[in-house]
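The structure under discussion appears below in the form of structure tokens.
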Amino acid sequence: MRRTGVALLLAASLAGCGGQAAQHRAAPAAATDGAALFASAGCAGCHTLAAAHSHGTTGPNLDQLAPAYDRIVKQVQNGGAGMPSFRTKLSTEQIRAVALYVTGATAKSRVSVAAAFKPDHRTVQSCHADSTCFQQAFADLAYYRGPKVALARFVHEMRTSSFVEENCHRIAHAIGAGALTRFHGDVGTAFARGSAVCWSGYYHGILERAFQGIPDSRLATVARGLCARVEAHASTFIAYQCVHGLGHGLMIYTGYDLPLALHTCDRLRTQWDQVSCTGGVFMENQSSSYGFKSQWLRPKQPLYPCTAVSRRHKLYCYLMVTSQILPDEGYSWTKTVAVCRRSEPGWVPTCFQSLGRDASGQTRGRVTKIERICRVAGDMERECLLGAAKDLTSNDANGRRAARLCSGSPAAVRAYCFYGVGEILGTFTADPRQRAAQCRALTRERSCVAGANGRPFPA
Ligand code: HEC
């Protein structure tokens with residue numbers, strides 16, 4: 001089976017990252033400080049926290065409480081009910097660091113809703129505006145009547161209930177967990193009966209649960225085995241969902257331990273598996289399935305963690321980086337452009353490709369709006385258009401809208417834009433003649449065929 005592009009993550013040429021075998025783990029930053037502070041500030045003396053090997057009992061057990069980040073910050077600042085205030089003892093930075101550390105260290109217990117699934121005959125009708133209830137009810141449905149029934153009902157509920165729609169990703173995770181339990185842990189069968197509804201949450205839920213009880217030292221071995229079985233029987237699309245979902249599942253399962261998740265991806269069998277997996281890791285990092293703020297994001301360092309990860313992981317990090325910058329910049333394209341320009345040397349164009357991908361996504365593929373956004377990119381307009389053209393082509397599964405974008409773009413960048421269209425079209429078929437025909441149906445630019453056949457630009 002060919003291992004080529006299905007989604008935006010595979011939309012980039014891999015030329016930049018091929019052949020770099022060295023595996024470095026990103027340097028842990030705030031996590032280490034937070035861990036040290038947890039001990040030195042005396043938190044350990046009063047609280048139980050498994051990650052810190054502490055067994056204090058004066059305050060609540062933090063593993064069980066799994067408090068949210070904001071709540072920890074508030075508590076450490078203000079103290080109260082037997083806990084001293086740390087406002088004068090720790091700086092704001094230090095309070096944040098220790099809070100991040102506790103959030104990260106307890107994330108596993110907080111997010112294991114899907115993983116901890118136990119069937120209990122809950123019905124969907126009995127749930128009202130309670131996400132945990134819906135998760136349980138839909139997981140039950142998948143467990144008792146199979147994922148197809150559960151997913152069909154889920155799609156129906158999403159259309160009729162805005163609450164279910166807004167909370168769909170976690171519910172989809174739970175359906176995956178219920179299905180995996182029904183099939184006695186057979187990932188391949190659970191995958192084959194699923195769908196990608198609500199950002200593939202179903203697949204993520206399966207993988208999240210599949211890791212349950214696996215020690216870190218065996219993660220990579222287990223990860224390799226999980227998708228190998230799926231890949232042997234399924235379409236490229238499902239195979240992609242597996243390795244990509246693996247990235248999401250690894251982040252969730254390791255409690256958002258980015259270096260460990262990336263390291264595990266690196267140990268998958270093929271480069272295709274590895275990059276699809278790291279794409280899932282970065283995506284989960286940017287926007288957690290559990291509304292959890294990853295400690296590998298820093299509001300004042302919008303390009304982090306791309307700036308910190310090893311070279312082999314930078315491409316996929318930068319290709320998605322604007323999705324984390326935009327919300328922080330109030331969805332201002334001008335401000336996001338300014339941030340992209342501060343990317344590390346050599347990665348500025350990649351950031352602008354990410355910008356184009358978001359321009360396509362945020363405008364739901366409206367060509368005139370994309371053009372306007374990409375113009376803001378100035379001399380990087382061509383990278384923006386390339387990113388947008390690739391995104392359009394992969395989302396539409398054809399190059400028609402992208403060709404409209406490229407044809408309307410300035411003459412100097414048109415060939416480059418069509419090159420991107422070709423790169424994605426090339427993933428739809430292995431036959432060079434078909435590739436050329438697909439391109440010729442859209443444009444006379446020869447760069448499209450070059451992109452489709454994996455030749456460098458300019459043609
Ligand atoms: C002298 C003992 C003591 C120390 C030191 C201490 N705590 Fe506490 N902590 C407590 C007690 C007691 C409570 C329960 C307060 C309550 O019930 O409102 C608590 C509550 C909490 C809570 C729960 C807040 C909530 O919303 O329920 C968090 C989080 C927390 N502590 C974090 C920390 C951190 C982080 C540190 C170190 C910077 C720390 N604590 C240091 C005793 C302590």
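First listed ligand is number 1; within each ligand, the first listed atom is number 1.
- Residues that satisfy the disulfide (SG to SG under 2.5 Å) test with C306, not counting sequence neighbours, are C317.
- Taking a heavy-atom cut-off of under 4.0 Å, ligand 1 is surrounded by G42, C43, C46, H47, T58, G59, P60, L62, L65, P67, R71, I72, Q75, V76, G80, A81, G82, M83, P84, F86.
- Listed by first and then second residue, the salt bridge (Lys or Arg N to Asp or Glu O under 4.0 Å) pairs involving residues 119-133 are D120-R122 (not counting sequence neighbours).
- Taking the six-membered ring where the residue is Trp, H313 and F282 present perpendicular rings, their angle passing 60° and hence far from 30°.
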When the side chains of residues 175-188 are checked against the rest of the protein, which donor-acceptor pairs come out under 3.5 Å, sequence neighbours left out?
| from | atom 1 | to | atom 2 | distance (Å) |
| --- | --- | --- | --- | --- |
| T181 | OG1 | A177 | O | 2.8 |
| T181 | OG1 | R209 | NE | 3.2 |
| R182 | NH1 | Y143 | O | 2.9 |
| R182 | NH1 | Y144 | O | 2.9 |
| D186 | OD1 | G188 | N | 3.1 |
| D186 | OD1 | T189 | N | 3.2 |
| D186 | OD1 | T189 | OG1 | 3.4 |
| D186 | OD2 | T189 | OG1 | 2.6 |

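- Ring-plane geometry between Y304 and W296 is classed as parallel, the angle between the planes falling under 30 degrees on a 0 to 90 degree scale with a further cut at 60.
- Between the side chain of T336 and the backbone N or O of I325 there is no donor-acceptor pair closer than 3.5 Å.
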